[in-house]
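All figures in this text were calculated on a predicted structure; none of them were measured in a lab. Whatever order the structure lists ligands and atoms in, that order sets their numbers, starting from 1.
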Amino acid sequence: MADTILIIGGTGMLGEPVARRLRAGGYHVRILTRSPDKARGRFGVDYEIVAGDVTVPDSLAGAMRGCQGVHVSLHGDSAPDLERIAVVNAVRAALGACVQHFTYLSGASVIAENCWFSDTRARFEAEEAVKASGLPYTIFKASWFMESLDRFIHGQRAFVFGPQTKSWHWIAADDYARMVAAAYVTPVAAGKSLFIYGPDYCTMRAALQQYIAIAHPGVRLMPMPFWAADLMARLGRRRELQAALPFFRYCDKVSVHEAGDPTEANILLGTPDTMLELWSRQKAAQSDSLNL
Ligand SMILES: NC(=O)c1ccc[n+]([C@@H]2O[C@H](COP(=O)([O-])OP(=O)(O)OC[C@H]3O[C@@H](n4cnc5c(N)ncnc54)[C@H](OP(=O)(O)O)[C@@H]3O)[C@@H](O)[C@H]2O)c1
């Protein structure tokens with residue numbers, strides 16, 4: 001019988017590619033969600049969908065029954081501490097269910113000295129809870145995902161908030177998903193925190209410019225200072241933008257933004273090699289085929 005892996009956050013932008021990669025690799029994939037009907041419509045009969053909420057420990061205990069692996073890829077939106085609570089609750093449930101491998105998506109800048117920012121502190125404490133649990137674990141400390149670039153686009157404009165002068169190693173979610181799947185069959189990946197960086201190293205502005213030039217040629221790049229973004233968020237009552245701006249300020253200001261070396265991850269799990277240009281072309285081809 002195939003091993004069962006529970007994905008918490010499997011309906012999310014970065015959880016779904018992991019779910020699909022693990023399923024393609026022959027695992028029985030169980031997805032925990034607060035909206036099971038929606039998830040069933042999206043994933044079909046090849047996936048087991050269970051209703052649950054990370055803030056309700058009983059729902060986690062039930063969802064983990066019979067699972068060999070648990071992957072957490074959760075986003076708390078405007079409640080950053082949700083991620084810490086989720087991981088603490090998931091670790092406890094995983095210990096009860098005798099889970100053999102616990103994997104967690106964290107971030108490349110999650111280190112003690114960046115804990116002045118509440119999201120980073122929540123993730124740092126989540127990582128500490130995983131490491132202290134005694135469970136075999138792999139923590140993925142990923143840089144910016146190419147998939148995030150779609151979230152910068154609103155209508156015919158693509159916004160970059162603040163100066164954003166730092167460069168990041170942009171990674172494609174499919175490459176990362178392949179690395180997560182590899183961790184489940186690589187015993188030496190257990191007990192590791194691994195830095196996951198893609199092959200392209202450039203600023204948000206350069207990444208977005210390249211992406212829209214290929215996949216959204218009608219869209220115009222709009223660099224916007226923070227004060228104007230604040231105004232736009234407040235006057236337009238854009239709660240999503242209000243919630244996102246502190247993170248953009250953090251990305252602009254953080255002193256160590258990619259805090260480790262990806263060599264070990266690349267050796268153990270295979271080097272991610274999808275370039276932004278190819279990824280953008282694939283996205284353009286996908287939207288062309290949807291528009292046919
Ligand atoms: N974007 C990047 O470049 C980047 C880089 C490094 C790390 N990350 C991290 O990756 C993680 C995932 O991000 P994402 O963009 O994939 O998130 P997302 O698309 O916003 O998805 C959020 C997921 O969290 C689940 N969720 C939220 N609250 C829940 C609750 N109370 N109980 C159960 N599930 C809950 C949602 O499930 P339902 O709604 O179905 O219940 C959904 O699957 C985040 O921690 C993010 O910080 C992102």
Numbering the atoms of ligand 1 from 1, which are under 4.0 Å from a heavy atom of [X]?
X: Thr11; value: 36 (C), 37 (O), 38 (P), 40 (O), 42 (C), 43 (O)
X: Arg151; value: 15 (O), 18 (P), 19 (O), 20 (O)
X: Ser148; value: 1 (N), 2 (C), 3 (O)
X: Glu83; value: 45 (O)
X: Leu105; value: 9 (C), 10 (O), 11 (C)
X: Ser73; value: 12 (C)
X: Ala142; value: 6 (C)
X: Asp53; value: 30 (C), 31 (N), 32 (N)

Of the options Arg123, His71, Glu83, which is the one that meets Tyr104 in a side chain to side chain donor-acceptor pair (under 3.5 Å)?
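Of the listed residues Arg123, His71, Glu83, the side chain to side chain donor-acceptor pair (under 3.5 Å) partner of Tyr104 is Glu83.
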Could you check whether Phe102 and Tyr137 have their ring centres less than 6.0 Å apart?
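Ring centres of Phe102 and Tyr137 not closer than 6.0 Å.
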Between Tyr201 and Trp170, does the ring centroid distance fall short of 6.0 Å?
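Aromatic pair excluded; centres sit 6.0 Å or further apart.
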Which residue and non-hydrogen atom of the protein lie closest to [atom], and at what distance in Å?
atom: atom 39 (O) of ligand 1; value: Arg34 NH2, 2.8 Å
atom: atom 32 (N) of ligand 1; value: Val54 N, 3.0 Å
atom: atom 24 (O) of ligand 1; value: His75 N, 3.4 Å
atom: atom 19 (O) of ligand 1; value: Met13 N, 2.8 Å
atom: atom 21 (O) of ligand 1; value: Gly12 CA, 3.3 Å

Heavy atom under 4.0 Å from ligand 1: found in [X]'s side chain, backbone, both, or neither?
X: Ser106; result: backbone
X: Met146; result: neither
X: Arg123; result: side chain

Polar-atom distance check: [X] versus ligand 1, any N or O pair below 3.5 Å?
X: Gly107; result: no
X: Ser35; result: no
X: Leu32; result: no
X: Thr55; result: no
X: Trp144; result: no

Mind checking whether [X] has a heavy atom under 4.0 Å from ligand 1?
X: Lys38; answer: no
X: Leu82; answer: yes
X: Ser143; answer: yes

Establish, from distance only, whether the side-chain atoms of [X] and [Y] form a donor-acceptor pair under 3.5 Å.
X: Glu147; Y: Tyr176; answer: no
X: Thr263; Y: Asp261; answer: yes
X: Asp175; Y: Thr274; answer: yes
X: His28; Y: Glu48; answer: yes
X: Tyr27; Y: Thr4; answer: no

Enclosure of Arg249 CZ (heavy-atom neighbours >12, cutoff 6.0 Å)
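More than 12 within 6.0 Å, yes.
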Glu240, CD: over 12 other non-hydrogen atoms inside 6.0 angstrom:
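For Glu240, atom CD is not crowded (no more than 12 foreign heavy atoms under 6.0 Å).
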Could you tell me whether [X] and [Y] have a side-chain N and a carboxylate O separated by less than 4.0 Å?
X: Lys166; Y: Glu258; answer: no
X: Lys283; Y: Asp150; answer: yes
X: Lys141; Y: Glu127; answer: yes

Among [options], whose heavy atom sits nearest [atom]?
atom: atom 35 (C) of ligand 1; options: Ile8, Ile49, Val18, Leu74; result: Leu74
atom: atom 13 (O) of ligand 1; options: Val110, Leu14, Thr120, Asn89; result: Leu14
atom: atom 4 (C) of ligand 1; options: Trp170, Tyr104, Phe145; result: Phe145

For a salt bridge (charged side-chain N to carboxylate O under 4.0 Å, His left out) check, start with the C-alpha distance between Asp81 and Arg121, then their side-chain angles and the critical distance, and finish with the verdict.
CA-CA 8 Å; Asp81 204 41; Arg121 188 171 59 248; over 6 Å; no
Measure the acute angle between the ring planes of Phe159 and His154, then classify it against the limits of 30° and 60° as parallel, tilted or perpendicular.
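Taking His154 first and then Phe159, their aromatic rings sit tilted (interplane angle of 30° to 60°).
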Ring geometry between Trp279 and Tyr211 (parallel below 30°, tilted from 30 to 60°, perpendicular above 60°):
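Tilted: the ring planes of Tyr211 and Trp279 meet at 30° to 60°.
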